[in-house]
Number of protein chains: 2
Amino acid sequence: MTAILEAAERTLGRDPAATMEQIAEAAGVARTTVHRRFATREALVATLAVWATERFAAAVEAARPDTAPPLVALYQTTVNVLSVKADWGFAMGEAADPEAERILAAVRDTCERLLRRAQTAGVLREDVDVEWTRGVYYALIHQAAQSRDGRDTGALATLVVDTLLRGAGTGRPDRL
Amino acid sequence: MTAILEAAERTLGRDPAATMEQIAEAAGVARTTVHRRFATREALVATLAVWATERFAAAVEAARPDTAPPLVALYQTTVNVLSVKADWGFAMGEAADPEAERILAAVRDTCERLLRRAQTAGVLREDVDVEWTRGVYYALIHQAAQSRDGRDTGALATLVVDTLLRGAGTGRPDRL
DNA sequence: GGGAATTGCATCACTCATGTTGCATGTTAT
DNA sequence: ATAACATGCAACATGAGTGATGCAATTCCC
């Protein structure tokens with residue numbers, strides 16, 4: 001059951017237009033077996049969307065983003081998300097499902113709450129746009145997820161947070 | 001001709017599995033007309049990949065990334081790319097075509113050369129990984145391209161470069 | 001061991017995107 | 001005006017993915 005969902009996540013993550021046949025093959029079962037669990041392709045995708053999104057939300061929540069110190073929460077959230085999301089690609093795409101969309105919006109709120117806490121704590125600059133920053137944070141995680149050349153998840157998370165906070169510049173006054 | 005390619009870029013950018021019908025509709029022509037220009041879907045995609053990639057490469061090259069001062073080149077490249085790429089999504093995905101792949105690799109090299117020049121000039125930290133930084137730069141442009149809420153392209157480019165160089169943090173010593 | 005459930009396999013009907021063609025219409029250049 | 005060309009439209013053939021079903025083999029539980 002979850003084996004099929006995992007295979008579907010992997011397969012659809014690479015190619016959103018993958019066939020049921022390919023998904024079944026990735027799961028190591030016959031195509032008809034997939035159809036017995038999920039009546040239609042649409043149903044499979046909907047279930048997958050909710051399932052993957054819930055795992056994602058759980059990973060975020062486990063980092064105590066609303067209570068832990070902002071920097072710790074930021075780092076831990078990154079680690080958790082990077083561990084859970086092997087490919088990430090799917091759960092974040094267009095949600096295809098209202099329930100998944102709802103969960104995703106909740107996570108988005110949590111994330112922006114965390115960033116605002118970080119701002120208050122003096123970790124983030126006051127003049128940055130929180131929405132933009134959240135987008136950048138997501139993009140960095142995505143980038144990290146698909147460029148881990150054998151790198152350890154912890155190191156990857158450090159890279160993400162470091163890049164988010166410090167950027168790549170020297171900070172010299174020779175600004176743009 | 002280019003009208004069809006533009007429509008295809010828009011349509012496939014949103015949904016990579018879009019049908020010829022949808023592309024034709026977006027271009028304001030009949031489906032058969034599209035088939036008269038491009039024998040097969042595969043041919044259309046291949047042509048589009050090369051076409052879009054060439055526009056992308058031209059936009060980068062026009063910023064003189066190898067000769068202009070690093071910061072200027074970085075900013076101008078960002079502006080150019082953001083102007084050309086309404087949706088970006090397509091030309092950057094898996095290239096589907098060896099020729100497009102070749103051009104993309106060339107741009108990638110140009111970009112990393114620019115970043116190394118920036119490093120030498122003291123704009124970028126010496127300890128950052130250039131490949132990672134390029135990935136982050138791409139991700140930021142992508143992020144910017146799909147979150148411009150009426151923002152001006154110049155402002156968007158400033159945001160991208162600023163985020164890339166400074167990040168979102170305050171730089172206080174209360175590091176992770 | 002007996003029975004229930006699950007799976008693989010073969011098969012079939014159905015839908016839909018793709019690609020082709022013929023014909024009529026409209027546009028452009030000479 | 002007329003010839004060349006491009007387009008829209010309708011129709012058709014084809015192939016592939018989808019979804020359903022019957023049957024035999026298997027695994028698992030009592």
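Quick note: numbers below take in every heavy atom, side chains included, and nothing from hydrogens, waters or symmetry partners. Values in this document were obtained by computation on a predicted structure and should not be read as measured data. By convention in this document, chain letters (A, B, ...) are assigned in the order of the sequence lines, proteins followed by strands, and residues within each chain are numbered from 1.
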### Query
How bent is the helix from dG1(C)-dC30(D) to dT30(C)-dA1(D), comparing axes over its five end pairs at each side, to the nearest 10°?
30°
### Query
For dT6(C), does OP1 or OP2 lie under 4.0 Å from any side-chain N or O of Arg37(A)?
no
### Query
Under the side chain to side chain contact (heavy atoms under 4.5 Å, CB included) test, which residues partner Glu42(A), sequence neighbours left out?
Thr40(A)
Give the table of side-chain donor-acceptor pairs shorter than 3.5 Å for residues 18-37 of chain B, with sequence neighbours excluded, one pair per line with atom names and distance.
| residue | atom | partner | partner atom | Å |
| --- | --- | --- | --- | --- |
| Thr19(B) | OG1 | Glu21(B) | N | 3.3 |
| Thr19(B) | OG1 | Gln22(B) | N | 3.1 |
| Gln22(B) | OE1 | Thr19(B) | N | 2.8 |

### Task
Apply salt bridge (charged side-chain N to carboxylate O under 4.0 Å, His left out) to Asp127(B) and list each qualifying residue two or more places apart in sequence or on a separate chain.
Arg125(B)
Mind listing the side-chain donor-acceptor pairs of residues 60-69 of chain A below 3.5 Å, one per line with the distance, residues two or more places apart or on another chain?
| residue | atom | partner | partner atom | Å |
| --- | --- | --- | --- | --- |
| Asp66(A) | OD1 | Arg113(A) | NE | 3.0 |
| Asp66(A) | OD2 | Arg113(A) | NH2 | 3.0 |

### Message
For a quick check, with a 4.0 angstrom heavy-atom cut-off, what is the B/S/- contact string for nucleotides 16-28 of chain C, read 5' to 3'?
### Response
-SBBBBB------
### Query
Can you tell me if Glu54(A) uses its side chain to pair, donor with acceptor, with the backbone of Ile103(A) under 3.5 Å?
no
### Task
Kindly write out the residues that satisfy salt bridge (charged side-chain N to carboxylate O under 4.0 Å, His left out) with Arg116(A), not counting sequence neighbours, or none if the list is empty.
none
### Query
Can you name the side-chain hydrogen bond (donor to acceptor under 3.5 Å, both in side chains) partners of Trp132(A), sequence neighbours left out?
Thr163(B)
### Task
Tell me, please, which residues at least two apart from Thr77(B) pass side-chain hydrogen bond (donor to acceptor under 3.5 Å, both in side chains).
none
### Query
Is the backbone N or O of Ser83(A) less than 3.5 Å from a side-chain atom of Thr153(A), with the two atoms forming a donor-acceptor pair by type?
no
### Message
Looking at Glu101(B) and Arg108(B), is any side-chain nitrogen of the basic one under 4.0 Å from a carboxylate oxygen of the acidic one?
### Response
yes
### Message
For Glu99(B), is there an ion pair with Arg102(B) - N to carboxylate O distance below 4.0 angstrom?
### Response
yes
### Message
Going by salt bridge (charged side-chain N to carboxylate O under 4.0 Å, His left out), name the residues that satisfy it together with Asp149(B), two or more places apart in sequence or in a different chain.
### Response
Arg151(B)
### Message
Quick check on contacts: within residues 23-30 of chain B, what sits under 4.0 Å from DNA chain D by heavy-atom distance?
### Response
Gly28(B), Val29(B), Ala30(B)
### Summary
Nt span of DNA chain D in reach of chain A heavy atoms at under 4.0 Å, 5' end first, is dG17(D) to dG22(D)
